[in-house]
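The structure displayed is predicted, hence computed values, not measured ones.
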Amino acid sequence: QVQLVESGGGLVQAGGSLRLSCVASGRTFGSNAMGWFRQVPGKERESVAVINRSGDGTYYANSVKGRFTISRDNAKNTVILQMNSLIPEDTAIYYCAGKTTIWDRYYIEEYEYNYWGQGTQVTVSS
């Protein structure tokens with residue numbers, strides 16, 4: 001059983017930055033591709049940024065390219081989402097997700113992930 005715990009959300013003004021962290025339990029973090037997803041009430045959850053097992057492959061939603069950066073530290077069982085130049089449209093609950101896999105690739109579809117955190121709220125004011 002893998003548990004994911006997000007932190008770092010909060011309220012920030014447009015143009016500001018936030019750094020989200022996700023810490024995973026267990027001894028096999030390096031065997032999991034990871035991702036960040038977000039959801040607004042009444043809308044479907046969407047992919048934001050994903051990363052492969054080794055951390056050298058990433059993919060970003062067009063809406064966040066150039067502003068967000070995903071990274072991981074396998075020694076600390078942690079995946080990070082650095083969010084810069086935030087805009088009100090970034091307001092959502094952000095979820096960390098993991099997928100146990102034998103392949104060193106990233107995954108972009110919600111249904112492919114095995115584990116989910118509880119979410120952390122990000123609010124961007126104008």
Side-chain angles (χ1 to χ4, degrees):
Q1 177 78 358
V2 175
Q3 290 186 307
L4 305 175
V5 180
E6 305 99 330
S7 63
L11 191 154
V12 65
Q13 292 186 351
S17 298
L18 283 174
R19 183 180 177 90
L20 305 184
S21 296
C22 172
V23 179
S25 66
R27 298 173 290 178
T28 58
F29 180 73
S31 297
N32 287 270
M34 302 296 295
W36 286 97
F37 296 76
R38 66 186 182 187
Q39 187 171 30
V40 177
K43 299 186 65 176
E44 294 184 352
R45 188 154 52 191
E46 64 177 2
S47 174
V48 176
V50 298
I51 190 168
N52 68 342
R53 287 169 45 173
S54 61
D56 61 0
T58 59
Y59 187 85
Y60 297 90
N62 288 335
S63 59
V64 307
K65 284 182 179 178
R67 301 188 298 118
F68 291 9
T69 302
I70 187 171
S71 61
R72 66 190 296 161
D73 186 341
N74 288 352
K76 298 181 179 179
N77 280 19
T78 300
V79 60
I80 300 295
L81 184 67
Q82 178 66 48
M83 305 186 295
N84 299 324
S85 301
L86 286 161
I87 59 177
E89 289 76 12
D90 295 320
T91 296
I93 299 175
Y94 283 71
Y95 296 90
C96 177
K99 174 181 174 58
T100 302
T101 177
I102 62 172
W103 303 107
D104 194 13
R105 54 158 291 191
Y106 54 75
Y107 299 82
I108 62 175
E109 299 293 341
E110 176 185 3
Y111 67 81
E112 297 178 297
Y113 285 81
N114 306 113
Y115 310 105
W116 293 87
Q118 82 289 346
T120 185
Q121 177 71 46
V122 171
T123 302
V124 184
S125 62
S126 60

Can any side-chain N or O of [X] pair as donor or acceptor with the backbone N or O of [Y] at less than 3.5 Å?
{"X": "Thr101", "Y": "Lys99", "result": "no"}
{"X": "Thr69", "Y": "Gln82", "result": "no"}
{"X": "Thr91", "Y": "Val124", "result": "yes"}
{"X": "Asn77", "Y": "Ala24", "result": "yes"}
{"X": "Asn32", "Y": "Gly98", "result": "no"}
{"X": "Gln39", "Y": "Ala92", "result": "no"}

Considering non-hydrogen atoms only, spot the tightest contact between [X] and [Y] and give its length.
{"X": "Ser21", "Y": "Ile80", "answer": "OG-CD1, 3.2 Å"}
{"X": "Arg53", "Y": "Asn74", "answer": "O-ND2, 3.1 Å"}
{"X": "Ser126", "Y": "Ala14", "answer": "CA-CB, 4.4 Å"}
{"X": "Asp104", "Y": "Ser54", "answer": "OD2-OG, 2.8 Å"}
{"X": "Met34", "Y": "Cys96", "answer": "CE-SG, 3.6 Å"}
{"X": "Leu86", "Y": "Met83", "answer": "CD2-CB, 3.8 Å"}

Check the hydrophobic clustering (I, L, V, M, F, W, Y; side-chain heavy atoms under 4.5 Å; chains of links allowed) and say if [X] and [Y] are grouped together.
{"X": "Leu81", "Y": "Tyr95", "value": "no"}
{"X": "Val64", "Y": "Val12", "value": "yes"}
{"X": "Ile51", "Y": "Val23", "value": "no"}
{"X": "Val2", "Y": "Tyr111", "value": "no"}

Can you tell me how far [atom2] of [Y] sits from [atom1] of [X], rounded to the nearest 0.5 angstrom?
{"X": "Glu112", "Y": "Asn114", "atom1": "CD", "atom2": "CG", "answer": "10.0 Å"}
{"X": "Thr58", "Y": "Arg72", "atom1": "OG1", "atom2": "CZ", "answer": "12.0 Å"}
{"X": "Trp103", "Y": "Asn52", "atom1": "CH2", "atom2": "CG", "answer": "14.0 Å"}
{"X": "Leu18", "Y": "Asn84", "atom1": "CG", "atom2": "CG", "answer": "9.5 Å"}
{"X": "Leu11", "Y": "Gln121", "atom1": "CG", "atom2": "CD", "answer": "9.0 Å"}

State, with a plain yes or no, whether a side-chain heavy atom of [X] is found less than 4.5 Å away from one of [Y].
{"X": "Leu20", "Y": "Glu6", "answer": "no"}
{"X": "Arg38", "Y": "Val122", "answer": "no"}
{"X": "Ile70", "Y": "Val79", "answer": "yes"}
{"X": "Tyr107", "Y": "Arg105", "answer": "yes"}

Residue pairs involving residues 12-39 (criterion ring pair (Phe, Tyr, Trp, His ring centres under 6.0 Å); sequence neighbours excluded):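 Residue pairs passing ring pair (Phe, Tyr, Trp, His ring centres under 6.0 Å), neighbours aside: Phe37-Tyr113, Phe37-Trp116.
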Where at least one partner belongs to residues 51-90, residue pairs that pass ring pair (Phe, Tyr, Trp, His ring centres under 6.0 Å), sequence neighbours excluded: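 Non-adjacent pairs meeting ring pair (Phe, Tyr, Trp, His ring centres under 6.0 Å): Tyr59-Tyr106.
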Surrounding NZ of Lys43 (heavy atoms of other residues, nucleotides or ligands, distance under 6.0 Å), is the total greater than 12?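 No, because the 6.0 Å sphere around NZ of Lys43 holds 12 heavy atoms or fewer from other groups.
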